[in-house]
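One structure is given below, encoded as structure tokens.
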Amino acid sequence: MDLVFLCVFLPLVTVAWGQYSDYYYGPYNYGDNDEWVNVYRQGFNFQCPHGQVIVAVRSVFSKKEGSDRLWNYACMPASQSLGEPTECWWEEINRAGTEWYQTCSNNGLVAGFQSQYFPSVLDREWQFYCCRYSRRCPYSCWLTTEYPGHYGEDMDMMMYTYDYYIRGATTTFSAVDRDRQWKFIVCRMTDYDCPFQNV
């Protein structure tokens, strides 16, 4: 009985592994020696190389450093089916000390972040750097869980599945903890041009 089960089950596992093994990102390269893109209480501007998008976000919090965070990002090339980006731009600024929700306009994907620290609020303002790929459209969108899980904790968000892209985020801000929790807006993109665009 065990031999029959093994003979039936093993080929199924092998086929499933072969079909889905290419759909997971490998280990992320956060840059040389895993350095942070900022220092505490300073602004920063991070952009992925041309044709790449953000796939991982890492951050550590320090109350003694003005309730600020160090940030690091990982990029990977967008799927070949999307082609090259047709345009890139900076979205509107999301003000410090407020909750906000933003997606990249024109069906764009997040390819960078810009942030400035404000000591009077003990928080940062944020901008997304977005890139549009031809006239591809998002579908099957969802929100991730909160990152970090609790205010003041370290954060490590990774896209584990290929062909899912970060299109934006929604954040909550705690006036008590002076920290943010993020939920990233993640979508798939069509393999064909769409006759419409979002705003």
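Heavy atoms only: backbone and side chains are in, while hydrogens, waters and symmetry mates are out.
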Practice prompt. Go through the steps to decide whether Glu84 and His50 satisfy the test side chain to side chain donor-acceptor pair (under 3.5 Å), and finish with yes or no.
Written response: CA-CA 8 Å; Glu84 291 292 312; His50 181 76; 3.1 Å; yes
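- The distance from atom OH of Tyr133 to atom CE of Met189, rounded to the nearest 0.5 Å, is 9.5 Å.
- Side-chain N or O atoms of Ser62 include one that pairs as donor or acceptor with a backbone N or O of Glu65 at under 3.5 Å.
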Discussion item. Run Glu87 and Trp89 through side chain to side chain donor-acceptor pair (under 3.5 Å) and show every step you take.
Written reply: CA-CA 7 Å; Glu87 65 176 316; Trp89 65 94; over 6 Å; no
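- Between Asp179 and Arg69, at least one side-chain N (NZ, or NE/NH1/NH2) sits under 4.0 Å from a carboxylate O, which counts as a salt bridge.
- For the atom pair CD (Glu153) and CD (Glu146), the distance works out to 11.0 Å, reported to the nearest 0.5 Å.
- A disulfide is not assigned to Cys88 and Cys130, since their SG atoms are no nearer than 2.5 Å.
- Judged by the 6.0 Å distance and 45° axis criteria, Arg41 is not positioned over the aromatic ring of Tyr117.
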Practice prompt. List the steps and the verdict of side chain to side chain donor-acceptor pair (under 3.5 Å) for Thr103 and Arg167.
Written response: CA-CA 5 Å; Thr103 56; Arg167 291 223 44 246; 4.6 Å; no
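- Between Trp182 and Tyr147, a ring centre-to-centre spacing not shorter than 6.0 Å is recorded.
- Geometrically, Arg58 engages Trp36 in a cation-pi contact defined by less than 6.0 Å to the ring centre and at most 45° from the axis.
- Ser115 places a side-chain N or O within 3.5 Å of a backbone atom of Glu125 that can act as its donor or acceptor partner.
- Between Arg136 and Asp193 a salt bridge is recorded (basic side-chain N to carboxylate O distance below 4.0 Å).
- Side chain of Asn72 to backbone of Ser59: no donor-acceptor contact under 3.5 angstrom is found.
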